[in-house]
Amino acid sequence: MSYTFSVAVPLSFAKTMERTRAALSGQGFGILSESDIRATFSAKLGTEAATELGDYVILGACNPGLARRALTVEPELGALLPCNVVVRRGKGDAVTMIDAIDPEAMIQLSDSPQVRAVANDAAVKLRAALSLIVAEARPAS
């Protein structure tokens, strides 16, 4: 079972970060947190560990309307929020990867039809954001 939606784009890491933020915003997601894992590895484990990992940032994305709907039904779902989106590019890689959590995988512990509906809506929005990034990364014909 896959727990993420993943796409590869032939863009630089910086350009992919820019487009990912814009695409998420276009789907109503704000960025609540940003974790630069490469910088953390560098500070805590040394330059070699950071270089081995490559560029790796976790964006904590939240769509407030969807979060409100879910938390109203099951307040403890806050432990599963925000929706994490990873932008990563390993040393020497030709593409940058974007991995977004599949909200439907996150809520398999819930029996609530309302929570499942929110997860479905979030999945549609995350897939739309990723599709936009891929479409914009294609060379013009």
Side-chain angles (χ1 to χ4, degrees), residues 1-140:
M1 176 182 143
S2 178
Y3 52 90
T4 61
F5 307 130
S6 299
V7 297
V9 292
L11 301 172
S12 70
F13 181 78
K15 184 57 99 174
T16 303
M17 285 293 297
E18 177 185 310
R19 294 209 178 155
T20 300
R21 283 188 184 98
L24 289 169
S25 178
Q27 291 297 317
F29 289 90
I31 304 302
L32 299 180
S33 62
E34 184 171 323
S35 300
D36 184 338
I37 304 304
R38 180 182 183 137
T40 300
F41 275 26
S42 183
K44 303 292 183 180
L45 301 173
T47 305
E48 184 178 325
T51 302
E52 182 181 278
L53 176 68
D55 293 315
Y56 198 111
V57 171
I58 302 171
L59 301 173
C62 179
N63 180 302
L66 295 176
R68 179 180 180 208
R69 285 173 45 205
L71 295 174
T72 298
V73 176
E74 290 187 28
E76 60 275 11
L77 282 175
L80 300 177
L81 298 178
C83 292
N84 284 331
V85 177
V86 173
V87 179
R88 60 187 170 88
R89 186 176 184 123
K91 181 181 172 189
D93 288 351
V95 296
T96 303
M97 295 297 301
I98 308 166
D99 306 299
I101 186 68
D102 178 350
E104 294 170 349
M106 282 189 346
I107 58 92
Q108 289 192 12
L109 301 174
S110 176
D111 293 326
S112 167
Q114 298 98 324
V115 170
R116 292 201 181 280
V118 172
N120 291 337
D121 291 347
V124 166
K125 291 180 179 301
L126 287 169
R127 281 188 183 117
L130 294 178
S131 293
L132 178 64
I133 297 164
V134 169
E136 289 179 345
R138 286 190 188 116

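All values reported here derive from a predicted model rather than from experimental measurement.
Taking CG of D102 as the reference point, atom CZ of R127 lies at 6.0 Å (rounded to 0.5 Å). Here the CD1 atom belonging to I101 is positioned 11.0 Å from the CD1 atom belonging to I58, to the nearest 0.5 angstrom. The distance from the CD1 atom of I31 to the CE atom of M17 is 8.0 Å, given to the nearest 0.5 Å. Distance OH/Y56 to CE/M97: 10.5 Å, rounded to 0.5 Å. One finds the NZ atom of K91 at 12.0 Å from the CG atom of D55 (value rounded to the nearest 0.5 Å).
Across A100 and L130, no two heavy atoms sit closer than the pair CB-CD1, 4.1 Å. Nearest heavy-atom pair, L71 versus G78, reported as atom, atom and distance to 0.1 Å: CD2-N, 3.3 Å. Closest heavy-atom contact between G28 and P64: O-CD, 3.6 Å. Across every non-hydrogen atom of F29 and A122, the tightest pair is CZ-O, 4.3 Å.
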Give every donor-acceptor pair under 3.5 Å between a side-chain atom in residues 42-54 and any protein atom, sequence neighbours left out.
{"unit_1": "T51", "atom_1": "OG1", "unit_2": "T47", "atom_2": "O", "d": "2.9"}

Can I get a per-line list of side-chain donor-acceptor pairs under 3.5 Å for residues 82-89, giving both atom names and the distance, sequence neighbours left out?
{"unit_1": "R88", "atom_1": "NE", "unit_2": "D99", "atom_2": "OD2", "d": "2.6"}
{"unit_1": "R88", "atom_1": "NH2", "unit_2": "D99", "atom_2": "OD2", "d": "3.1"}
{"unit_1": "R89", "atom_1": "NE", "unit_2": "D93", "atom_2": "O", "d": "3.3"}
{"unit_1": "R89", "atom_1": "NH1", "unit_2": "L11", "atom_2": "O", "d": "2.6"}
{"unit_1": "R89", "atom_1": "NH1", "unit_2": "T96", "atom_2": "OG1", "d": "2.8"}
{"unit_1": "R89", "atom_1": "NH2", "unit_2": "D93", "atom_2": "O", "d": "3.0"}
{"unit_1": "R89", "atom_1": "NH2", "unit_2": "A94", "atom_2": "O", "d": "3.3"}

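Annotation: salt bridge (Lys or Arg N to Asp or Glu O under 4.0 Å) contacts of R69 (sequence neighbours excluded): D121. Not a single side chain to side chain contact (heavy atoms under 4.5 Å, CB included) links V124 to another residue, sequence neighbours left out. For the side chain to side chain contact (heavy atoms under 4.5 Å, CB included) test, no residue two or more places apart in sequence or in another chain qualifies with S33. Partners of E18 according to the side chain to side chain contact (heavy atoms under 4.5 Å, CB included) rule, which considers only residues two or more places apart in sequence or in another chain, are K15.
Between E34 and V57 the shortest side-chain heavy-atom distance falls below 4.5 Å. Within the 4.5 Å cutoff, side-chain heavy atoms of K125 are placed close to those of L66. Side-chain contact between T20 and L24 is present, with heavy atoms from C-beta onward closer than 4.5 Å.
Remark: side-chain polar atoms of S25 are not paired, donor with acceptor, to backbone N or O of R21 under 3.5 angstrom. Between the side chain of S2 and the backbone N or O of T4, at least one donor-acceptor pair lies under 3.5 Å.
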query: Step by step, would you call V118 with V73 a side-chain contact (heavy atoms from CB on, under 4.5 Å)?
result: CA-CA 10 Å; V118 172; V73 176; over 6 Å; no
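Side-chain polar atoms of S110 and S112 form no donor-acceptor pair below 3.5 angstrom.
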